[in-house]
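Take a look at the structure set out below.
Order of the sequence lines fixes the chain letters, A, B, ..., with proteins taken first and strands second; residue numbering starts at 1 for each chain. For the numbers below, each heavy atom of this structure counts, side chains included, while hydrogens, waters and symmetry mates do not. Since this is a predicted model, take the numbers as computed values, not measurements.
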Amino acid sequence: MNSLTFKFIAVLRRVAQIVVVIVGSTLFVSLLLQLLPVGLEDLYVFALDEAGRQEQIRLLHLDANPVMFYLYWLGDFVRGDFGSYVYPTGVLDPVAPRLGAALPISLRLVVYVQIVALAISIPLGIFTAYRSGRRSDKVISYGLFTAASIPNFVFALLLASFFGVSLAWFPPLGYTAPGDGFVEHLRSMALPVMALAIPTVATYTRLLRTDVIATLREDYVTMAASKGLSNRRILFTHVLRPSSVTLFTSAALNMGALIGGTLVIEQIFSIPGLGSEIGLAIFSRQYFALQSYVAIIAIGYVVFNGIVDVAVGFVDPRSRERSNA
Amino acid sequence: MAGSGTAHMRNNDEVVLEVRDLVVEFKIGRGLVVNAVSKVSFDVCRGETLAIVGESGCGKTTLGKAVLQLPPPKSGDVVFEGTNLTKLPKEQLRSARTAMQMVFQDPISSLDPRMTVRALVEEPLWIWERGTEEERGAKVRELLNNVGLDPDLVLNRRSYEFSGGQCQRISIARSLALEPRMLICDEPVSALDVSIQAQILNLLQDMKDRYGLTMIFISHDLAVVKAVSNRIMVMYLGKVCEVGSPDAIYSKPAHHYTSALINSVPIPDPTRKRGAVPLQGEPPSPVAPPSGCRFRTRCPAATELCAAEEPQLREVNPGQYVACHHPRT
Amino acid sequence: MRNLFAQMNLLSKLSAVWMALMTALAVFGWLIPLPDPREYDPEASAAGLFSPGHLLGTDAGGYDLLSNVVNGARTSLLIAFISVGFGGLVGSAVGIIAAYRRGRLDYVVSTGFNILLSIPNLVLGLALVAVLATSSDPSVPIASNRRVIIIIIALTVVIIPILGRIARGATLTWINREFVVAARSMGMRDKDIIVRHIVPNVLPAIYSVLFLAVGVVIVAEGALSLLGVGVVDGVSWGAMIARVAGEFTYAPQSMYVPVVVVALTVIACNQLGDFLRGRLDLREGRI
Amino acid sequence: MSAILSIRKLVVNFETPRGLLSAVRDVSLEIEQGSSVGIVGESGSGKTVMSRAAMGLLSGSTVRREGTVMFDDKELTAMRADEVRDQFGTGMAMIFQDPMTALNPVRRIGSQLSEGPRVRLGMDKKAARARSIELLSLVRIPDPEAMLNKFPFQLSGGMRQRVMIAIALACKPKLLFADEPTTALDVTVQAQILQLLSDLRREMNMSMVLVTHDLGVVANHTDFVAVMYAGEIVEQAPTTELFSNMKMPYTEALLKSIPKIDSASGARMAVIEGRLPDPTDRPSGCGFAARCSYVQDKCRTEHPPLVDAGNGHLYRCWYPLGHTIGRK
């Protein structure tokens with residue numbers, strides 16, 4: 001077999017892994033529904049006559065065994081049917097359009113947070129690493145440690161009460177779509193983004209600082225210095241790239257925490273994103289919708305991590321070799 | 001080198017360990033297999049020190065561990081005092097291993113950092129429930145004394161408080177606790193400073209005499225090997241090149257690889273200039289070893305025959321065996 | 001123990017003192033004569049700090065904040081310690097055994113961990129609580145002590161893969177050390193190798209993460225409450241935060257008390273975890 | 001002959017939590033133009049710290065350096081950091097023990113190799129590429145063009161070390177520091193690399209400092225040797241003079257304790273008992289007194305000065321070898 005075949009097999013293996021995780025996580029949620037102390041029928045079947053009742057049970061696949069029930073859901077999901085909210089009147093409200101409205105808002109939130117966090121933490125991480133051990137590093141590092149420990153909802157509440165209510169610089173509640181005025185949009189996102197970004201900046205800066213300090217001790221940095229390169233050149237050509245691998249990997253892993261964070265933050269700031277939808281689905285016991293939401297988040301997370309793995313392969317050729325081996 | 005064969009095997013009552021056609025392979029993913037040890041045979045007589053010499057990747061360490069079935073080899077036999085270890089059930093193998101103990105290359109990594117010296121040296125006795133608490137304590141003190149450590153000073157300290165040389169002493173004390181009949185030393189001095197190396201080598205000699213040990217001494221350092229061994233086996237890329245007494249091997253090496261190896265060792269004497277050109281190139285990957293003689297890609301005497309046919313070990317001088325189609329004369 | 005305390009820097013000492021204080025409040029808090037946390041004072045709504053009878057003031061509903069902090073500590077720390085303790089135990093045991101055995105078992109276990117980790121913590125916790133805390137009769141809410149148990153179960157499930165993966169990773173770094181090979185060559189049984197060599201070396205890595213995990217669970221308890229599925233009608237720090245979160249536009253001062261308590265507790269946990277890890281690194285550095 | 005590098009009274013201390021660690025104590029050494037000087041010592045002898053401090057490559061808030069270093073008639077120790085930097089590459093260059101850690105793992109060989117010529121010599125991309133290929137051929141790497149596109153982890157240890165030598169030689173330095181350049185390599189590859197270094201040094205008329213723990217390596221590849229022990233130079237002499245007429249008991253003990261390929265098999269080896277003194281708590285007398293088999297009372301209390309035996313042979317011993325007076 002030639003190396004191309006091996007690469008192809010490696011890619012296949014990788015994809016298979018992703019599929020296993022996605023199927024596993026959705027199956028997990030689906031089986032979770034079996035743990036409900038109430039029968040699904042009691043929750044979702046409201047027809048008065050027996051014929052209508054049977055019809056609804058068949059429609060919602062409630063008569064199937066747990067595995068078949070999951071497979072029906074999976075079949076629908078793959079075809080783009082994410083299930084429905086089921087109302088006592090028997091009316092089905094499909095999830096897809098609601099998802100279509102909510103998902104972009106949450107994605108915006110998460111992407112803004114990542115951009116802000118990386119934009120601040122990269123220079124800060126490098127600065128503190130180069131000043132390592134001196135007073136400015138110690139002050140910043142302790143501050144960041146504290147900030148990383150404070151839950152994002154604490155920041156959300158403090159920011160909302162201070163900048164939103166007391167100073168009234170930003171709207172404390174609500175969301176403005178970019179179409180309705182971009183400046184207003186940014187203003188409405190400012191506090192939620194800050195609330196999520198502060199602990200994130202703290203985490204990223206610490207990671208980058210640690211890695212840059214470790215890289216600066218490497219022989220190849222001394223080697224670069226012994227070639228007569230300037231400090232700035234050494235930083236950009238020799239230090240930054242190997243040091244950034246952990247940062248970008250954990251930025252990807254952090255997507256999960258951020259998505260979890262949006263649940264709470266959207267609730268606090270009344271932003272109609274995925275977090276609010278999930279809250280609503282749980283509150284009104286819409287478990288079919290919940291299953292699909294969890295599936296979407298898990299897929300997004302796994303696929304995103306796969307992409308970052310590939311990207312890291314470009315930054316750090318060693319990892320490419322490792323994942324192939 | 002590189003060949004196989006059993007011409008060098010001795011068949012007498014003194015043979016304690018006999019290894020035949022041992023094969024060890026590692027899967028490294030992507031369907032690739034490292035041929036770490038390929039059909040190696042050797043034997044060791046009672047009271048003898050067999051040195052296994054070669055450069056990194058030649059399979060010497062893997063071979064040493066495979067004798068102890070760590071991990072078990074893919075094929076071949078390891079017969080120790082008449083028992084074939086490769087065929088033993090797990091529990092019997094466990095107790096058979098106590099007669100052969102190992103000293104490792106990295107003295108610090110081979111001692112559990114959380115344990116005191118007392119616990120470390122006592123551990124083998126604990127495993128096999130040998131003696132009472134007091135008897136074990138006395139045995140530990142005796143062992144530490146024998147390896148040149150003062151029990152009162154070291155018993156309650158942990159390995160990271162010691163230098164590499166002292167750790168190696170503790171490690172040797174531990175390996176002797178079960179009173180093994182054979183000691184396998186895997187590069188026991190290569191992680192140590194020059195001035196400490198000699199101390200440990202002398203200690204190993206002393207222990208060999210005191211406990212009547214048979215030894216396998218694995219090393220990359222020909223000079224070290226010369227000082228300690230009765231018989232030398234030179235390996236290259238998972239195969240045996242040459243087997244013989246130290247005097248024969250050093251004074252008239254028959255294999256081109258052995259000769260290159262000897263010529264590469266720097267001699268601390270500026271008046272002795274080397275005429276020989278160093279060996280060119282580096283060992284090929286053990287994943288895809290060359291056909292025929294595995295040394296042929298770097299050998300100055302290689303011919304088409306070497307690519308076509310694997311040389312078998314044969315006797316060139318009394319007691320000196322070489323696996324080469326065109327041995328040096 | 002005293003030795004450990006002496007090695008700490010000032011921040012770690014303060015953190016240890018804070019955690020000891022909170023634990024003491026959780027265990028002995030009921031001995032302090034305080035107003036009933038669930039009884040509102042109609043005279044004092046949203047009272048400030050040091051109001052008469054209310055040392056830390058009250059929230060907009062007139063509940064005494066100090067009493068809620070003290071009594072909430074019991075619920076919140078109970079949830080944190082039990083779920084971290086149990087999740088840590090199960091997670092590390094599974095992680096260590098999987099890593100030691102390798103092969104198929106390891107593949108199944110790490111895939112299981114990956115599956116659970118692919119669902120963000122909070123979403124997983126939320127889904128578990130949402131499903132388990134469904135009452136058969138919607139008009140009868142689930143009692144708050146049953147909610148506590150459900151939250152503990154949910155957060156235990158959240159903690160298992162986090163600690164399991166760390167234990168697995170730590171085990172992998174140790175099983176290739178030569179002293180494990182040495183133990184095997186001396187004829188030691190696998191069970192003894194795990195108990196005597198692997199576990200003692202993996203534990204320090206786990207200790208430091210346990211503290212971080214306590215912080216994670218305290219945050220999760222607060223977040224679940226904010227989302228309306230915590231011990232909302234009971235007495236816990238999360239429940240306090242959920243209540244004041246709805247009131248911050250008109251009673252911001254009452255918000256600071258629970259927020260500061262939760263923040264300080266999480267900071268203290270992280271600081272202690274960091275201290276333990278630093279000690280660990282120091283030790284590893286010497287090895 | 002004039003000195004290319006002259007080190008005078010160099011002292012290096014590190015601040016540690018356990019107190020001041022004295023790594024290099026009062027070292028003076030001249031490296032003649034075009035010569036090859038070996039610095040020999042065991043781990044902890046201060047040889048690596050000394051060579052890096054001489055080059056000005058030690059940095060950090062915990063380092064305390066004193067003394068003067070002259071390179072090419074310029075005083076390095078009086079220069080600003082950027083002025084010292086201008087000496088690197090074209091003046092001084094360095095190769096390291098482990099080529100795996102000394103090559104940047106995420107960059108291709110080509111870019112690491114052309115960096116020096118482009119930045120220090122102002123070559124354009126094309127010229128730098130041509131220079132890179134020329135350098136790779138110089139260190140006898142087959143198929144240099146293919147090598148440019150590889151990453152360090154794709155090469156064998158010997159190839160990596162050749163690449164590192166090529167990088168160090170890229171701007172034709174006058175002085176090359178080689179810090180244990182072959183310790184991480186197999187013995188057959190070690191011989192190749194040492195041969196290569198000796199050949200290149202002669203071809204390029206370059207001076208070299210070879211830092212090593214191996215007396216065998218210095219015997220065959222240097223003109224002059226300095227032996228370090230516990231942060232000091234305890235003996236220095238032209239190589240042939242040192243090996244034929246050693247004065248310092250430590251040098252002799254070190255040489256005797258090395259297993260030699262031409263020694264009798266099964267012979268007991270000479271041993272240096274004990275270990276190096278604690279660098280945070282140096283003894284007041286001779287650093288080797290506690291391990292020396294010729295030790296006298298004076299050795300334990302009084303620090304021996306450097307004594308000149310003529311021919312550039314200096315040693316630091318109260319009772320040197322070859323003198324019978326005062327011996328036990």
Side-chain angles (χ1 to χ4, degrees), chain A residues 17 20-25 27-29 32-33 35-39 42-43 142 145-146 148-154 156-158 160-162 164-166 172-173 253 255-261 263-264 267-268 275 278-279 281-283 285 287 290-291 293-294 297-299 301-302 305, chain C residues 11 111-112 114-138 142 212 215-216 218-220 222-229 241 244-246 248-253 255-256 258-260 262-271 273-274:
Chain A
Q17 262 174 5
V20 166
V21 170
I22 290 173
V23 169
S25 58
L27 181 64
F28 177 79
V29 177
L32 210 55
L33 297 188
L35 289 180
L36 276 172
V38 209
D42 299 335
L43 277 178
Y142 268 116
F145 178 78
T146 311
S149 306
I150 297 176
N152 51 38
F153 58 77
V154 168
L157 293 171
L158 295 175
S161 105
F162 190 66
V165 180
S166 306
L173 296 172
L253 287 173
M255 287 302 273
L258 284 179
I259 291 166
L263 292 187
V264 185
Q267 195 86 2
I268 292 173
I278 290 178
I282 287 171
F283 206 65
R285 304 174 164 209
Y287 299 114
L290 182 67
Q291 190 180 349
Y293 288 141
V294 173
I297 290 174
I299 291 170
Y301 180 73
V302 173
N305 273 299
Chain C
L11 275 175
T111 305
N114 282 339
I115 287 171
L116 287 178
L117 290 169
S118 74
I119 309 171
N121 282 348
L122 200 54
V123 179
L124 179 61
L126 189 64
L128 282 163
V129 176
V131 166
L132 297 174
T134 302
S135 62
S136 39
D137 182 353
I142 291 197
L212 305 183
V216 168
I218 286 172
V219 172
L224 289 176
S225 299
L226 273 169
L227 293 169
V229 296
I241 288 176
V244 297
F248 74 81
T249 44
Y250 56 93
Q253 74 280 13
M255 186 182 81
Y256 296 120
V259 158
V260 166
V262 168
L264 285 180
T265 308
V266 180
I267 291 172
C269 286
N270 287 3
Q271 178 69 43
D274 213 47

Within-4.5 Å side-chain heavy-atom neighbours: C:L11 and A:Y142: yes
Interchain contact, C:L116 with chain A, by part (heavy-atom threshold 4.5 Å): side chain
Identify the two heavy atoms, one from A:S161 and one from C:Y256, that lie closest to each other, and give their separation to 0.1 Å. OG-OH, 3.4 Å
Residue pair C:A263 / A:P151: nearest heavy atoms and the distance that separates them: CA-CD, 4.4 Å
Examine whether an atom of C:L212 lies under 4.5 Å from a heavy atom of chain A, and if so say whether it belongs to the side chain, the backbone or both; otherwise answer neither. neither
Counting heavy-atom pairs under 4.5 Å with chain A, the top scorer among C:V262, C:L128, C:N121, C:T111 is C:L128
Closest heavy-atom contact between C:L122 and A:G260? CD2-O, 3.2 Å
Between A:V302 and chain C, which part of the residue has a heavy atom less than 4.5 Å away: side chain, backbone, both or neither? side chain
Could you report the tightest heavy-atom contact between C:N270 and A:A148, atom names first, then the distance? ND2-O, 4.5 Å
Under 4.5 Å, counting heavy-atom pairs only, tell me which of C:V131, C:V216, C:V219, C:I267 racks up the most with chain A. C:V131
Assert top hit (heavy-atom pairs under 4.5 Å, partner chain C, pool A:L158, A:I299, A:L27, A:N305) equals A:L158
Counting only non-hydrogen atoms closer than 4.5 Å, does A:F162 touch chain C with its backbone (N, CA, C, O), its side chain (CB onward), both, or neither? neither
Between atom CG of C:L126 and atom CD1 of A:I282, what is the distance when rounded to the nearest 0.5 Å? 3.0 Å
Check each atom of A:L263 against the heavy atoms of chain C and say whether the ones under 4.5 Å are side chain, backbone, both or neither. both
Tell me, side chain or backbone of A:L258 under 4.5 Å from chain C's heavy atoms, or both, or neither? neither
Heavy-atom closest pair (A:Y301 atom, C:L117 atom, distance to 0.1 Å) is CE2-O, 3.4 Å
Report yes if some heavy atom in the side chain of A:V154 is under 4.5 Å from a heavy atom in the side chain of C:V266; otherwise report no. no
Correct closest heavy-atom pair for C:I241 and A:L157 would be CG2-CD1, 4.0 Å
Quick one, C:V123 and A:Y293 - any side-chain contact, counting heavy atoms below 4.5 Å? no
Name of the residue among C:L227, C:V259, C:L226 meeting side chain to side chain contact (heavy atoms under 4.5 Å, CB included) with A:F153: C:L226
